[in-house]
Amino acid sequence: MTRVRVTAPRTVTSGSATSGGATRGSAALAGGRSTAAPHEAAEESDAGQLFVRSLIRSQLRLGLVVGLGFLLILLAFPLMLGLVPGLAGSTIAGLPFDWVLLGAGIYPVIGLSAWLYVRTAARNEARYRDLAGDK
């Protein structure tokens, strides 16, 4: 996979156009306007901008929900240790239970949070592509 760095939209200047009025491999527009591909052109329309804002809002909402859920579960661990009598003093294989819980019990929560985020983010982006008409 090759990484591509995009620094500015593709534009056509009066000096770079060929004799046919278009640059090679693009549908150039006169006046230096962007030579956007169809999916980029959809983003420039009012409906396309609405779709992009909707995608950004849904991704922000997803990030906040997953982050807050993770923090609530993370805060539940010390509360459980403090509220359940004798739990903090118990040991598993010679290790204090609170160390085991915070050391080994948090990784499945991190993995589950990451899996849910990636799965739902991909679904949000697929819905956006369907609405925008990208294939």
Are [Y] and [X] connected into the same hydrophobic cluster when the rule is that any two of I, L, V, M, F, W, Y join if their side-chain heavy atoms are below 4.5 Å apart?
| X | Y | answer |
| --- | --- | --- |
| W99 | V109 | no |
| I106 | V66 | no |
| I73 | I110 | yes |
| L102 | I92 | yes |
| Y107 | L72 | no |

field: T120 side chain to Y117 backbone, donor-acceptor under 3.5 Å
entry: no
message: Give me the atom names and distance for the closest heavy-atom approach of L74 to P78.
response: O-CD, 3.0 Å
Can you find a heavy atom in the side chain of [X] that is under 4.5 Å from one in the side chain of [Y]?
| X | Y | value |
| --- | --- | --- |
| L81 | F97 | yes |
| L101 | M80 | yes |
| F77 | D98 | no |
| N124 | L62 | yes |

message: Determine whether L112 and F70 satisfy the following criterion, side chain to side chain contact (heavy atoms under 4.5 Å, CB included), listing intermediate values before the conclusion.
response: CA-CA 9 Å; L112 180 64; F70 175 74; over 6 Å; no
From CG (L75) to CG (L79), nearest 0.5 Å: 6.5 Å
